[in-house]
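One structure is given here, and the rest of the page talks about it.
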Amino acid sequence: MADLGTATRALPLAGFHGGSSTVRLEAAPPAERISLRVRAEDVAALSGALGVDLPVKPKTSASANRRTALWLGPDEWLVIDESGTGVGNGLMQAAQNSGALHSAADVSHRNTAILVSGTGAAKAINAGCPQDLSLKEFPVGACSRTIFGKVEIVLLRTAEDAFRVEVWRSFSDYAFGLLSEGARDAAVKV
Amino acid sequence: MSASARDLGAFRIKDAGRHTPARTARFTFDGKTYTAMEGDTVASALLAHGVHLVGRSFKYHRPRGILSAGPEEPNALLDVSRDAGRRQPNVRATVQEVFDGVRIASQNRWPSLKHDVGAFNDLLSPFFAAGFYYKTFMWPKEAWHKLYEPFIRRAAGLGEAPKEEDPDHYTSRYAHCDVLIAGAGVAGLTAALSAAATGVSVFLVDEQPEVGGALHFDAGTTIDGQNGYEWAQAAVARLKAMPNVTVLTRTTVFGYYNHGFLGLVERVTDHLARPGRDLPRERLWQVRAKRVVLATGSIERHMVFANNDRPGIMLASAARTFLNHHGVAVGRQVGVYTAHDSAYEAAFDLKRAGVSIAAIVDCRSHPGDAVLAEARALGIDVLTGHSVINTSGRLRVSSMTVARNGGSNARKIAVDALIVSAGWTPSVHLFSQSRGKLRFDEQNQRFLPDIYAQDCVSVGACNGTDDLSDLIDEAIAAGGGTLALTGENSFEWTGGMIGAAEGAGPDTVVKAFVDFQHDVTAKDIRLAVREGMHSIEHIKRFTTNGMASDQGKLSNMHGLAIAAEMLGRPIPKVGLTTFRAPYTPVTYGTLVGHSRGDLFDPARKTPMHALEAAEGAEFEDVGNWKRAWYFPKRGEDMHAAVNRECRTVRDVAGVFDASTLGKIEVVGPDAAQFLNLLYTNAWDTLKPGKCRYGIMTREDGFVYDDGVVGRLAEDRFHVTTTTGGAPRVLHHMEDYLQTEFPHLKVWLTSTTEQWAVIAVQGPKAREIIQPFVEGIDISNEAFPHMSVAECTVMGVPSRLFRMSFTGELGFEVNVPADYGPAVWKAIWERAESMGACLYGTETMHVLRAEKGYIIVGQDTDGTVTPDDAALGWAVSKKKTDYVGIRGLKRPDLVRDGRKQLVGLLTKSPDVVLEEGGQIVADPNQPKPMTMLGHVTSAYWSENCGRSIALALVAGGRSLVGKTLYVPLKDQTIEVEVTDMVFFDKEGGRIHG
Amino acid sequence: MLLIHCPYCEEDRSELEFRWAGEAHIARPENIAAITDEEFAEYFFLRNNEKGLTYERWRHIHGCGRFFNAARDTVSDRFLMTYKAGLPKQPIPTAEETAAIAEEKTVETWEATEGDAR
Amino acid sequence: MRKYSIFAIAREAMRAHKGWEAQWNSPEPRSSYDVIIIGAGGHGLGAAYYLAKEHGITNVAVIEKGWLGGGNTGRNTTIIRSNYLYEESMDIYEHSLKLWEGLSQELNYNVMYSPRGVMMLSHNVHDQQSFKRHINAHRLYGIDNEWLTPEQAKAYCPPLDISKTARYPINGATLQRRGGTARHDAVAWGYARAASDRGVHVIQNSEVTGIRRGPNGEVQGVETTRGFIGAKKIGVSAAGHSSVVMEMAGVRVPLHSTPLQALVSEPLKPIFPCVVMSNTVHAYISQSDKGELVIGAGTDQYNSYSQTGGLQIITHTLDAICELFPIFRRVKMMRQWGGITDNTPDRSPIQGVTPVPGLFVNCGWGTGGFKATPGSANLFAHLIARGEPHRLASGLTLDRFRTGRLIDEAAAAAVAH
């Protein structure tokens, strides 16, 4: 009912930014997300419906028209749509239109994202992430669900010196805090 | 600067050492100010000023000096402070670098280092033999804890723990590399050059400020025709310039763990006078290395002889380091006592620097010919086949008593320092930590790496490779590359011994120290053997040999040899104590790293947290979550606030944040079938648009979790779990889905945080939310109790549940989390205007208890079945299978007299029971009493106008109406057993 | 901290991403409702707890989320192999690895083990 | 056995301690014994001692693969308490605590039992409910344990941070004053000496490789690295290795063996007066008489016999310690080590008969075995001598896993103890 107004979206990290001389930290803008579960035989159908090819190789992602599909497991993807800013979730609709067997759950608000960039980005993330983030082992486009300190994150490398850290909303200020410490340490001249 | 400020110490040798005279730093030791050169360690700086006495030993409080020049130091442990908050006990003077303004103090002495009353213990030492405390202090019984122990505790210990919270910060970083090289001496540097050239990623780690290892003291080494130390600095400069190489100095590899995982601690600021605020004090590196090259070198051993612990007695290599690296002479009239050629070179260097050498006393009859010839050439008096059998000097050695082996022709020789060497012990600590197996090298009396347990190789001195060119070849090979490098030493070294020296044998009673810090002597070790300690571990524990903060780097081999001799068994048959991490002590703060304060453990907050805080909410910790506990108005205490909230919810309505409840989206054609297997109730009968309360057990049949499950569509369920249970329930479900029921077409997704959940409960609940809800009719007829529907709330796609945990008409509005604050604000504004309240978890607990609704984890523990919890109705009798179906049938789970959940009413309505109170039938029975159960929930119920309680009671349901007792600390409370519903027994309100 | 090869991610990952899930290849009885108390205790409680070669389950809980099986030596903590859930118990690949376990399992009198002195 | 006393020490001091005799015998094994106990830890040695002292059975051998007291007895953090929840647990741990109180005198060996108090911190409402349940049970059962306010807790243990701003503020604590610590090695050595004095053979450095059984399945003896040794009865008290030994007799037990780590700091002057444990943040700490802070870490998550564990277990423990005691952040870890704990599904021990005639088992003490040493040993001796459990241990039998009558201390054992 219009007179009671329409709810506005408030991101958990709204206004957060920080970092150091070598690392920039900022909250990512709002996005639509789904957790997508699909059997191998239906991957093609969902790829078509979503307009982005679901990658089937571990630790890889694919992007098309502002939609990114991240391989999380053999039948699991996180699909992020950065153009989706309105209410509702176009990804859910698109998946449903595929007509193929799948499970899509709207997690647009479960996750929030932190953008980590700069020459010290990998070092900052390694303050809490045990994975090898060298370009050789974790090239641009690589993604993985992993551990960051005491919380779980999904890590996506968007450029040589830029990462997207997807984290559950109630863990996001912890993640931001640890990234801030990592960023400070990454700026220390050895 | 004034003359005194420029006084760098009377024992500085002009033009010796590698420091820059222009750069000095002032520091204090026990209140007296000294000037040091930048690059000095506290040890070298004090020695430059002729200060040898720096500490007192652990047990006998004997005066002690500086024994070594490195991390193996057992004696010179000092209290080092930058300011009050940055005080560090037990710092090794041989490792701590001097910086301007640092304050140093000696430890374990009172009133002063020179006059320490504790030294009285030394006189009593005949009584304080190893393990004496096991044999006395037993009478009277209480005296140990009340009298003896406090005394012993005060006497023991070394430094004083910090009294203030540490103002410094520490950081931590994970890293990966192809090759990690521990130690940057000749071997480590060579291996690094070799490996780096192949392009692999290399970590080169060394604990000292500069690389070079033994080259710090060994001035006789030439590499590539260059002075060894200079070659090392040039080599590391080349390595630092390579993109694939990381060089870490002042960094110790303290632990070698499973699967190529190593712990490193980098000391970042402890050597700086004015560290920047962003600098961590220390950094923990957690490195996963594909391969490890151990180039950890070896440690010189002291000689074990009578009174070998006086200040001024030190390792020959240490004296050489102080001279060649720091430009400091350890004395003016120096004696040498050795069983190894290396000490001769120390004498040569000192002699050339103008220090007079009293004599080289060599217990061997045949030292190396080359060193002997050189000694003669330099006019140094060498006594072969002789030993030092005693020393004198109270606070510093003043003479050594020398005798021909066998004891004849003893004489005193005046010295102001005595440098000793019994040979070298390979540093196999990290190899051993990696679970490699050692072998004993009979000929050289040392343990060497034998069988490797991980992808790791030892090179150089730690591998027993003494010859320099062999060492270089070995290191090049270990690096995996090729390299043209040659090197030579001025002398070949021979000799070495372990165990007690002349005059300290089994027939003697002298104090010949093996472990300096713990005051363990050769005779203590023999005593242990005499008392039946035949395993080296027993000997270690009985004498505490090797258990001091140096972890036996100097003492272990000597102790082993003395024990072996006493036992008449070869050394390998006596065994070697295990090498444990850390190699040298590591600060807690470093290991903790970032995990402190806010980052110790994530505090999870709901989307509405800030709004609730603004309304004055008090919060409670539930798992990781911060939940609004109650909302006190001005002047209200918890009791008053909760009473008001309880009343208001039932009279008008209340708004509650239920966002923390776990949520799992269960999607797929076989969803209902899956839930049938995971919950005790049946789900295929649940129609879309309806919800149902579900109980989950594990195979053992005990209540595991509960929650309301809504069916949104044939193939989509919205499952809720307890707040604390969410992660384990999902894990439990995934386990069965993936490994037991993989044929089912269904998927699980955690949506706990997708939804902000706003519960509106109470008679006016519908009226409150009505205007916000679009797309469905929420009238009682169209949307009765236990309904669920997707709709729009304030223009946002939402899920609306008609359900209640209060017994009132209730709704739970699920909106996408980012919209939570806006919707909460709007609903609360309207609710408030209608006289409703905000309520927290405490009121929720009271209201549900009034209705007899249980809380899993409070009214149940891991031993309660659904039937025990009066939830038997939720266990399907028809289903042929579900998780728990068999466990529930086990004898003990179906026997009579099990503890059952019932209500309790106190005889006097005003008395509120204590949660956790135990229940008995006869309060006057003798202890130990027979306890029937305990109170699980107890509250003052404003709505009932009396106290209420729930309890688990043996055979409870058969005791309804009976009187039982709850004996508390100060009173015994009489209670009547009742059913579990205290309010609105007919349950009409929920359908309002 | 162990390094574990996830057969789904096809990569070695830190133990921090994994959760141990007990002995492998213990199937839930088809007719569980019908088995005896003894059989239930056997299924639910009794485990081999091998010293040496053990077959166990892990879940890559902070990675791909999959459960999988592993063969590990509980003396050295060395992984011999990991394989996907649902596959039958896999034989140990090489004789030398089996030998390695035998080596580990030699007598543990103190000469044999203490400080690993030989 | 030459009695230990201040006078004995004085006498020996006069002659350079040359007169001390071996504390225990190291004999060649006989061909057979009435009872063989496998495992010379505190439990096994103690059982042998009580067999000789209270049941007159002296033809006993304790067989140990390594050195006596070298397993968990010599690797634990020496905490003693009896404030468990269930009656079966209270029975055995309180029986043990009573024996601790007189053990030094009983053995004429100073085991340094130090009743300095064991404090358990409560951080939230749930902790408080659980602790009150414990305290009330203890009071009615005759066991000392009391509730402290945060201020009282701070007064008893000054380094404690009770600020409300802490991540998990402390809302109270329990204190068992009779709880405390003892010198772990001394317990093994004292029992070994006293048992040896009564004729028991302590046979170290001999590994049991098999259990020989007769026609009716009854035990006949053990195969060892020193050959076969006959026995009418066998008691297994092998802690982390219990599964391995029981397997030799074809008996499976519901155990899994996991590494449990601990660490000590450098020696410091007295700063920490008692034992403090926290289930919520997973930590426990005390200070040894030598001045080392003794800290118990958690168990690793997987089965292992390696006596080592991951660094992350240590760091997580120190997180918690430094939150509770911020002044310790600059203190240094001097040594870390691991033991192998044998854990049951309900975190309570198993002590009782087995399906094999003549074979008795004492295992599953998990992370709590040290405090139980005298009590467990005493009741195990009774079991072996009489062939049936003592009343105080009657609930600890293997059969409970069939009937489902578990003694679920798991909740109370959220933190290793």
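Only this structure's heavy atoms are used, side chains among them; waters, hydrogens and symmetry mates stay out. Just so it is clear: chains get the letters A, B, ... in the order the sequence lines come, proteins before strands, and each one is counted from 1.
- Interface remark: Ser201(B) contributes no atoms to any contact with chain A (heavy atom separation under 4.5 Å).
- Interface remark: Leu284(B) contributes no atoms to any contact with chain A (heavy atom separation under 4.5 Å).
- Atom CG of Asn244(B) and atom OG of Ser134(A) lie 12.5 Å apart (nearest 0.5 Å).
- Contact of Val107(A) with chain B is made through backbone and side chain together, with heavy-atom distances under 4.5 Å.
- In this structure, Trp168(A) and Ser750(B) approach most closely via the heavy-atom pair CH2-OG, 3.2 Å.
- For Ala603(B), the part lying under 4.5 angstrom from a heavy atom of chain A is the backbone only.
- Rounded to the nearest 0.5 angstrom, His594(B) NE2 and Arg184(A) CZ are separated by 9.0 Å.
- Heavy-atom distances place no part of Lys825(B) under 4.5 Å from chain A, backbone and side chain included.
- Proximity to chain A is absent for every atom of Trp755(B), based on heavy atoms less than 4.5 angstrom apart.
- With a threshold of 4.5 angstrom between heavy atoms, Asp278(B) approaches chain A through its backbone and through its side chain.
- If you measure heavy-atom distances from Gln131(A) to chain B, the contacts under 4.5 Å come from the backbone alone.
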**Q.** Derivation and outcome, salt bridge (Lys or Arg N to Asp or Glu O under 4.0 Å), residues Arg173(B) and Asp185(A)
**A.** CA-CA 9 Å; Arg173(B) 187 180 299 168; Asp185(A) 194 41; 3.1 Å; yes
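- For Arg716(B), the part sitting under 4.5 Å from any heavy atom of chain A is the side chain, from C-beta outward, and nothing else.
- Residues that satisfy the side-chain hydrogen bond (donor to acceptor under 3.5 Å, both in side chains) test with Asp53(A), not counting sequence neighbours, are absent from this structure.
- In this structure, chain A has heavy atoms under 4.5 Å from both the backbone and the side chain of Pro607(B).
- The two atoms that bring Asp75(A) and Trp747(B) nearest to each other are OD2-NE1, 2.9 Å, heavy atoms only.
- What you find for Ala7(A) and Val823(B) is that their closest heavy atoms are CB-CG2, 3.9 Å.
- Using a distance-only test at 3.5 Å, with no hydrogens or angles considered, a donor-acceptor pair links the side chain of Arg37(A) to the main chain of Leu748(B).
- Atoms CZ and OG1, on Arg110(A) and Thr752(B) in that order, are 9.0 Å from each other to the nearest 0.5 Å.
- Heavy atoms closer than 4.5 Å to chain A are found nowhere in His609(B), neither backbone nor side chain.
- Partners of His731(B) according to the side-chain hydrogen bond (donor to acceptor under 3.5 Å, both in side chains) rule, which considers only residues two or more places apart in sequence or in another chain, are Arg59(C).
- A distance of 13.0 Å separates CD of Glu181(A) from OH of Tyr170(B), quoted to the nearest 0.5 Å.
- Note that NE2 of His176(B) is 8.0 Å distant from CG of Leu133(A), once rounded to the nearest 0.5 Å.
- Of the two parts of Arg277(B), only the backbone, made up of N, CA, C and O, holds a non-hydrogen atom closer than 4.5 Å to a non-hydrogen atom of chain A.
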